[in-house]
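Remarks on the structure that follows.
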Amino acid sequence: MRLRRNLHRSDLSASITVFLIAVPLSLGIALATGAPLQSGLVAAAVGGIVAGLLGGAPLQVSGAATSLVVITADLVQRYGWRATCAVTVLAGLVQLLLGVLRVARAALAVSPAIVHGMLAGIGTVIAVGQLHVVLGGSPQNSTVDNIAALPGQLVDSHPATPLVGVITVAVLLGWRRLRGRTGGMLRRIPAPLAAVALATLAAAPLSVPRVELPSWRAPALPALPEGPVLDIAAVVLTVTLVASMESLLSAVAVDALQAKRQAGAQVAPAGLDRELLGQGASNVLSGLLGGLPIAGGAMRGSANVEAGARTRRATVLHGVWVLLCAGLAGRALEAIPLAALAALVMLVGVRMVSFAHIRHIQRHREFPVYAATLGTVVVFGVLQGVAAGGAVAVFLSLRRLTRTRVTVTEEPDCHRVRVSGQLTFLAVPRLTRAFAQVPDGADAVVELDGSFMDHAAYEALRGWSERHRSRGGRAVFGDGAGQAVGEPPGAHACRPWTPWRNHHCTRSESVPATSGGQLIGGVSAFQRNTAPLVREELARLAREGQRPGQLFITCADSRLVTSMITSSGPGDLFTVRNIGNLMPPPGSDASCDSVAAAVEYAVDVLGVSSITVCGHSGCGAMQALLGSDHEPGAQTPLARWLRHGRPSLARLSRIGRLGRGEVALADRPVADDHERLSLVNVIQQLDHLTAHPCVARRVSEGALQLHGMYFHVGEAQAYILDRSTSVFAAVRPEAGQEGPVAAAGGGPEPEAYGLATKV
């Protein structure tokens, strides 16, 4: 009875869902490595039970990992299965050591371009190799050989196995759409299980290779590989590195997904060092029992969260179900065609090459790192690929550090010297030549757009400044934030982003470290550092009154700082904040008059020229609308307010879960229904705005413009709505400086939206 009380129903259903995914995936991974098929089931059971009990990410599901397929296949071929088990045990021991040393956070310092390049390279190797199995053949020793042998394999392919593979891939790709159009039990069946089950039924009358599970017996003890010690150490290090990186990155991803799904609940962050200990213990036991190397997997972990798992009991139960299945359902598993498992793993490999990641990496100018890692992994191996990617990353970093651009522009009232890049001693000659172009006695403005300046560069700037001023000239120095260069000690040294970063600079030692102390410390910092700078401007505004150009309607979420994301100052924005950035239409309940009154005041009294509705990621109001916590008939103040968001929810249901034809992001897919509703809500609230007579009148006169905006908090990225296409385009750093630059290849300048950076 006590066990029944502790067992959450959602944990039970989630464990079954993940179990149904893990069994075919584990068999497919074992097939791809050339290991005994039951080794995949051993890894799934041990990963679920041991890592589930001991790990620091309770909802992460561990087991045989696709990222280790290439490495394990090479180990099996070079050293044999018993030696591979020994390498797994040794890698687990190294993971335990790393966990004791508490270095898990340091592992996350590896460039994302290297990690994604490594995973994409591994996915490419998996996909090309398993394509041979789908065609009825066997993979070659290397990816290059697999590609070279592919034409011959296509000619000599088995007549039935490609059909089984096509059925598997078709179901995997189309299952979500089919499941979305039907109800009942189909909604609970995961795509991998459905694909393998349907392929097995279709292949029942055919003569195709099938799963062969050997009879269960005591596992043979691992045997140390024979060969040079350095080679063995290298393969152990490779398994440790890849398994640990995937486990830690997956733990972070699952942690973020859990926090998003359980918005408002107190969710403890993943303990990465404990997770590394759990992974190490799992690998030690898996190797001793004859199982594959283990790592945490984002796919199974995200499925666990999406299925409603709340505690680690779901993860552990999934391992128990795998163990029972391996012992009791061997005959059923032996009916599965090998081509179906190969097609399943092949598609997983294809999906490891993420075009969204490629675009993101290209945006951060790290594509050479990604390409070097991917190409080297495909041709030479994982460890070599990581080393190549690291070398390219170091080279690019050094190149950026030494690449400095200095330009001199003669303007009507001054000479402007722009310095972009890091100022080191290597840039001093170029800096000196640029300063020589500024005539004596002229006014000069020096703009420094970089985050680093060494002592040699500082002395060069100071020396030229003193000489120029002694000859009757005037020199003004500033950086991109408007801070003076070379401020005296004791002056406030924060950059614009620093006050928002953990609030260290606003904590006063004389004030207790509480929320009230934080507030007082921040006000004290304002009086000390900012008030002297803005006092004259605020005095002018006090005399002349407010004359803002824009009305900004946004959410009351504490993470959304309007002045920061719009680079606005006193008097620029007339801001209205409420839960969900809602704009009730006219004729609504009288309790909503405050928003309508603010709009009327801004439009008719202040005469603003534009109104922007800004939504954001992770909005609690949108999550509440998607959930069932606030029913339409509820009478709490929050529920009454959220009624004004239900038109957005209805609009979302009309356009469908795929969002066809109405709302989209220009440079990436919409993440999920939560983000899609946030985007749809911006469009819906703009429609509500136009229903207000004062807004409609000013818009028809051409004196008022309406704009939509979406801010992704986690990415610190703003998106602007093109109302003609319902597409949100990302605002780029260069927008407003070099003409109309937008994310989707053109578009209005940010100044049109009142988002121009202050000079």
Side-chain angles (χ1 to χ4, degrees), residues 354-367 549-555 557 559-562 564-568 573 581 583 609-619 622 648 651-652 655-687 689-690 699 704-758:
S354 171
F355 290 100
H357 288 151
I358 293 174
R359 287 193 297 268
H360 186 72
I361 288 166
Q362 178 64 32
R363 193 182 312 148
H364 289 82
R365 297 183 296 175
E366 289 192 313
F367 184 75
Q550 295 87 25
L551 167 63
F552 201 81
I553 302 175
T554 189
C555 187
D557 192 291
R559 299 164 297 180
L560 202 66
V561 184
T562 57
M564 180 175 69
I565 66 175
T566 62
S567 297
S568 56
L573 298 181
N581 47 273
M583 179 63 245
S609 59
S610 73
I611 303 177
T612 300
V613 176
C614 178
H616 69 99
S617 63
C619 181
M622 300 301 104
S648 301
R651 189 170 191 156
L652 176 66
I655 67 175
R657 294 180 64 85
L658 296 180
R660 287 177 174 164
E662 176 131 5
V663 63
L665 292 170
D667 60 345
R668 65 172 176 85
V670 178
D672 50 24
D673 282 348
H674 190 178
E675 183 172 62
R676 184 170 290 110
L677 180 58
S678 298
L679 299 173
V680 169
N681 183 58
V682 170
I683 299 175
Q684 184 66 37
Q685 302 313 315
L686 287 172
D687 290 349
L689 262 174
T690 58
V699 169
L704 181 65
Q705 293 182 327
L706 305 183
H707 305 295
M709 181 176 171
Y710 174 72
F711 185 74
H712 194 288
V713 177
E715 297 175 355
Q717 178 63 60
Y719 296 82
I720 296 297
L721 170 66
D722 183 346
R723 296 188 70 189
S724 63
T725 61
S726 298
V727 173
F728 287 78
V731 179
R732 298 298 180 212
E734 64 270 16
Q737 297 178 8
E738 301 177 3
V741 180
E749 296 183 28
E751 284 89 337
Y753 300 97
L755 306 176
T757 301
K758 290 287 182 181

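Every value quoted in this text rests on a predicted model; they were computed, and no experiment measured them.
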request  = Give me the ring orientation class for Tyr710 and Phe728: parallel if the planes are under 30° apart, tilted from 30 to 60°, perpendicular past 60°.
outcome  = perpendicular
remark   = Heavy-atom nearest pair, Ser648 first then Asn681, reads OG-OD1, 2.7 Å
ask   = With distance as the sole test, does Ser678 use its side chain to make a donor-acceptor pair with the main-chain N or O of Ser617 at under 3.5 Å?
value = no
query = With side chains defined as the heavy atoms from C-beta onward, is the minimum distance between Thr566 and Leu573 less than 4.5 Å?
reply = yes
ask   = How many angstroms lie between NE2 in His616 and CE in Met709, if you round to the nearest 0.5 Å?
value = 12.0 Å
query = Taking all atoms of both residues into account, what is the closest heavy-atom pair of Glu715 and His712, and its distance?
reply = N-ND1, 3.1 Å
request  = Enter the distance from Gln550:CD to Thr562:OG1 here, rounded to the nearest 0.5 Å.
outcome  = 12.0 Å
key: Inter-residue atom distance Arg723.CZ - Leu706.CG, 0.5 Å rounding   = 5.5 Å
message = Please report the interatomic distance CD(Gln705) to OG(Ser610), rounded to the nearest 0.5 Å.
response = 7.0 Å
key: Heavy-atom closest contact (Leu665 atom, Val670 atom, distance)   = N-CG2, 4.1 Å
ask   = Closest heavy-atom contact between Asp667 and Arg359?
value = O-NE, 2.9 Å
message = Using only atom types and a distance under 3.5 Å, with no angle test, would you say the side chain of His674 pairs donor to acceptor with the backbone of Cys619?
response = yes
request  = Calculate, to the nearest 0.5 Å, the distance between atoms CD1 and CZ belonging to Ile565 and Arg559 respectively.
outcome  = 12.5 Å
message = Let's go through Val663 and Ile683 carefully: what are the C-alpha distance in whole Å and the side-chain angles of both, what is the deciding distance for side-chain contact (heavy atoms from CB on, under 4.5 Å) to 0.1 Å, and is it a yes or a no?
response = CA-CA 9 Å; Val663 63; Ile683 299 175; 4.3 Å; yes
request  = Might you point out which heavy atoms bring Ile553 and Asn581 nearest each other, and give the distance in Å?
outcome  = O-CB, 4.2 Å
Least distance between heavy atoms, Gln717 atom then Val731 atom = NE2-O, 2.9 Å
message = A side-chain contact here means heavy atoms from C-beta on lying under 4.5 Å apart; do Leu686 and Leu721 qualify?
response = yes
message = Quick one, Arg676 with Leu652, criterion side-chain contact (heavy atoms from CB on, under 4.5 Å). Give me CA distance, side-chain angles, the key distance, then yes/no.
response = CA-CA 8 Å; Arg676 184 170 290 110; Leu652 176 66; 3.4 Å; yes
